[in-house]
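First comes the structure, then the notes that go with it.
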Amino acid sequence: MSPYIGRFAPSPTGPLHIGSLLSAVASWCDARAAHGKWLLRIEDVDTTRIQAGAVDHILQSLEHYGLWWDDEVVYQSQRTELYQDALNDLQQQQHIFWCTCSRADLARTGSAIYTGTCRKQLSPRPLAAARMRVYQQAISFKDHVFGTQTEQLDQTTGDFVIFRRDGLFAYQLAVVVDDYLQGVTHVVRGADLLDNTARQIYLQRRLGFPTPQYMHIPLVVNANGEKLSKQTGANALPFNSSTRLLWQTLVHLGQCPPNELQSETVTTVLSWAVQHWQPAAIPQQIKLATL
Ligand SMILES: [Zn+2]
């Protein structure tokens, strides 16, 4: 048995909100209950989307809610050489090709699935994106909340981008390389990334990396069933009433914390949560109306 290594990997595109807290708490409890490590990685590989001050707010929020991490914080923006190594490896194995389609070219195909136009362009060229060559092959994995998932990438995304035309590495490649190099064994994250998992497993297999365990935490939806996110204006986590919010988070994660915990400190609430951690009790949907 390898030791448990978990991680929390927020993008600094805005402050943490209630949905991010759910994922952070679930990931933290799962790691601590297994006596594992919990790493913090700032996913700022897409430097065009970074919001000023967001990293500081994320770090302060985690400290405030008692979610301490192990080791140094890792920043994707400082790891481009590692992503380049992986890209070179994939290039050498001819798993990628170079796509010069413009956004308009892609739109003209009328398909959300890449149609394979540039598959014969095997050498790197300027202003081109690198795409993974995708084969007809079903990818299955067991998610610890949503059950067995199966996806056939040639029918959902087609050949997907791992290096962008603007010279940035794509999120999919960065995540896979980082999880591998950091020795991550368990990925606990928001369900908005559930449909990214098959692409990441595909990449892991092509790069010869092991596949971690996956557990996706349901997204918080409002009374209209709309997903709560930075885009829909979810509020930044407050720095007051943190015990109560943590307690509510545990309720929403199906953990049934006792009422009297609400008047305790965040440390006491979290240590109760670790001692009583029941990942099997996490529901598949969480409604904001009950928050
Ligand atoms: Zn193309």
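Ligands are counted one by one from 1 in listed order, and the atoms in each one are counted from 1 as well.
For the Zn ion (ligand 1), protein N, O or S atoms under 2.8 Å: 4 in total.
Between Y180 and F209, the ring planes lie parallel to each other; the angle is under 30°, not in the 30° to 60° tilted range.
Side chain to side chain, T100 and Q121 meet the donor-acceptor criterion of an N or O pair below 3.5 Å. For the 3.5 Å distance criterion, the side chains of Q172 and Q200 qualify, holding a donor opposite an acceptor.
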Side-chain polar contacts of residues 50-63 - donor-acceptor pairs under 3.5 angstrom, sequence neighbours left out - could you list them?
residue, atom, partner, partner atom, Å
H57, ND1, S61, OG, 3.3
S61, OG, H57, O, 2.7

All N/O donor-acceptor pairs, side-chain side in residues 25-33, below 3.5 Å, sequence neighbours left out:
residue, atom, partner, partner atom, Å
S27, OG, R7, O, 3.1
S27, OG, W38, NE1, 2.6
W28, NE1, W68, O, 3.1
D30, OD1, W277, NE1, 2.8
D30, OD2, Y4, OH, 2.7
R32, NH1, G36, O, 3.2
R32, NH1, D70, OD2, 2.9
R32, NH2, W68, O, 2.9
R32, NH2, D70, OD2, 3.3

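Hydrophobic side-chain contacts under 4.5 Å tie F97 into a cluster, directly or through other members, with L106, Y114, L122.
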